[in-house]
*Asks:* 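Submitted below is the structure of interest, expressed as structure tokens.
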Amino acid sequence: MITDRELTFSNDQAVTTGTQVSTDKVDTGVAGININTNRELQIFVSVTTAFTGGTSLNVNLVESASADLSSPTVLASSGVITEANLTEGKVLLRTGVPRTSQRYLGLQFVTVGTHTAGTIFGGIVRDTDDSVYPAFETGYAE
């Protein structure tokens, strides 16, 4: 998977307690735009350092009219994930980038308990499946 700094919401962001938003957001430049017309862009969120000390985490893809992601609208959600499943490398959310009606996209983290460790990567990537390779029959010369 190839990432782009300008399309990254969270890069090893510590998520500790309560409701937090991603350290960065993506500014689409205008409200109500479809930045994923060819359906190749994906939202990808994963654990980069295992979580400890808390109870659970829910990750939401949100949009907002404000750059600080206040008063967000939830576009997609991971659902509640228990602490035992918040291990390094765990993919928390993987979905196509939806059409938006507001200017800013980002992530919202809703925790139960206080996490003493745990970090997240989240962003927009072109492809999240690195196991797909084109298959060619053998015996053909180019």
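Because the structure is a prediction, the values reported are computed rather than measured. These values consider heavy atoms only, across backbone and side chains, with no hydrogens, waters or symmetry-generated copies.
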*Asks:* Can you tell me how far CG of L57 sits from CG of N85, rounded to the nearest 0.5 angstrom?
*Replies:*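 Here the rounded value is 11.5 Å.
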*Asks:* For L69 versus G106, what's the shortest heavy-atom pair and its separation?
*Replies:*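 Minimum heavy-atom separation between L69 and G106: CD1-CA, 3.8 Å.
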*Asks:* Please identify each residue that fulfils side-chain hydrogen bond (donor to acceptor under 3.5 Å, both in side chains) with T116, with sequence neighbours left out.
*Replies:*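 For T116 the side-chain hydrogen bond (donor to acceptor under 3.5 Å, both in side chains) partners, ignoring immediate neighbours, are T52.
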*Asks:* Measuring from atom CZ of F51 to atom CD1 of I120, what distance do you get when rounded to the nearest 0.5 angstrom?
*Replies:*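 Here the interatomic distance stands at 4.0 Å.
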*Asks:* Apply side-chain hydrogen bond (donor to acceptor under 3.5 Å, both in side chains) to residues S101 and E63 and explain how you reach the verdict.
*Replies:* CA-CA 8 Å; S101 61; E63 66 176 355; 2.9 Å; yes
*Asks:* Could you tell me whether the side chain of T87 reaches within less than 4.5 Å of the side chain of V47, counting heavy atoms only?
*Replies:*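 Counting from C-beta outward, V47 and T87 never come under 4.5 Å.
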*Asks:* Short question: side chain of H115, backbone of T55 - any donor-acceptor pair under 3.5 Å?
*Replies:*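 No; zero donor-acceptor contacts below 3.5 Å.
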*Asks:* Pick out which of T23, V45, I43 makes a side-chain contact (heavy atoms from CB on, under 4.5 Å) with F9.
*Replies:*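 Looking at T23, V45, I43, the match for F9 under the side-chain contact (heavy atoms from CB on, under 4.5 Å) is I43.
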*Asks:* For the residue pair F44 and F121, does the interplanar ring angle fall in the parallel (under 30°), tilted (30 to 60°) or perpendicular (over 60°) class?
*Replies:*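 F44 and F121: tilted rings.
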*Asks:* Can you get from L41 to Y104 by hopping between Ile, Leu, Val, Met, Phe, Trp and Tyr side chains that sit under 4.5 Å apart?
*Replies:*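 No, because L41 and Y104 fall into different hydrophobic clusters, even though each may have its own neighbours under 4.5 Å.
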*Asks:* According to the salt bridge (charged side-chain N to carboxylate O under 4.0 Å, His left out) rule, which pairs have a member within residues 9-31, sequence neighbours left out?
*Replies:*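 Checked against salt bridge (charged side-chain N to carboxylate O under 4.0 Å, His left out) - neighbours excluded - the pairs reaching residues 9-31 are R5-D24, D27-R103.
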*Asks:* Heavy atoms only: give me the nearest P72-Q108 pair and the separation to one decimal.
*Replies:*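 Closest approach of P72 to Q108, heavy atoms only: CG-NE2, 3.8 Å.
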*Asks:* F109: what forms a ring-ring contact (aromatic ring centres under 6.0 Å, His included) with it, not counting sequence neighbours?
*Replies:*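 ring-ring contact (aromatic ring centres under 6.0 Å, His included) check on F109 returns nothing, list empty.
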*Asks:* To the nearest 0.5 Å, what is the distance between OG (S56) and CD (E83)?
*Replies:*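 Rounded to the nearest 0.5 Å, the OG-CD separation comes to 8.5 Å.
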*Asks:* Should L107 and I81 be regarded as members of a common hydrophobic cluster, given that ILVMFWY residues are connected when their side-chain heavy atoms come within less than 4.5 Å of each other, either directly or indirectly?
*Replies:*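 In one cluster with L107: I81, yes.
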*Asks:* Would a single hydrophobic cluster contain both L86 and V112, if residues Ile, Leu, Val, Met, Phe, Trp and Tyr are joined by side-chain heavy-atom contacts under 4.5 Å?
*Replies:*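 As far as the 4.5 Å side-chain criterion goes, L86 and V112 are not connected within one cluster.
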*Asks:* Determine whether L61 and P98 make a side-chain contact, defined as any pair of heavy atoms from C-beta on separated by less than 4.5 Å.
*Replies:*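 With C-beta onward as the side chain, the pair touches.
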*Asks:* Which residue, V110, V59, T95, forms the side-chain contact (heavy atoms from CB on, under 4.5 Å) with S78?
*Replies:*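 The option that passes is V59.
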*Asks:* Let me confirm one number: the CD-CZ distance from Q42 to R126, rounded to the nearest 0.5 Å.
*Replies:*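 Answer for the CD-CZ pair, Q42 versus R126, is 11.0 Å.
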*Asks:* Donor-acceptor pair, T8 side chain versus S10 backbone, under 3.5 Å?
*Replies:*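 Checked: no pair found.
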*Asks:* Nearest 0.5 Å, what's the CG-CG distance between N58 and L92?
*Replies:*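 Here the rounded value is 10.0 Å.
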*Asks:* Say whether, by atom type as modelled, one donor and one acceptor occur between the side chain of S64 and the main chain of S66 under 3.5 angstrom.
*Replies:*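 Looks like yes, one N/O pair under 3.5 Å.
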*Asks:* side-chain hydrogen bond (donor to acceptor under 3.5 Å, both in side chains) between T48 and T119: does it pass, once the steps are laid out?
*Replies:* CA-CA 5 Å; T48 52; T119 60; 2.5 Å; yes
*Asks:* Side chains of V21 and V62, heavy atoms from C-beta outward: is any pair under 4.5 Å?
*Replies:*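 No, their side chains stay 4.5 Å or more apart.
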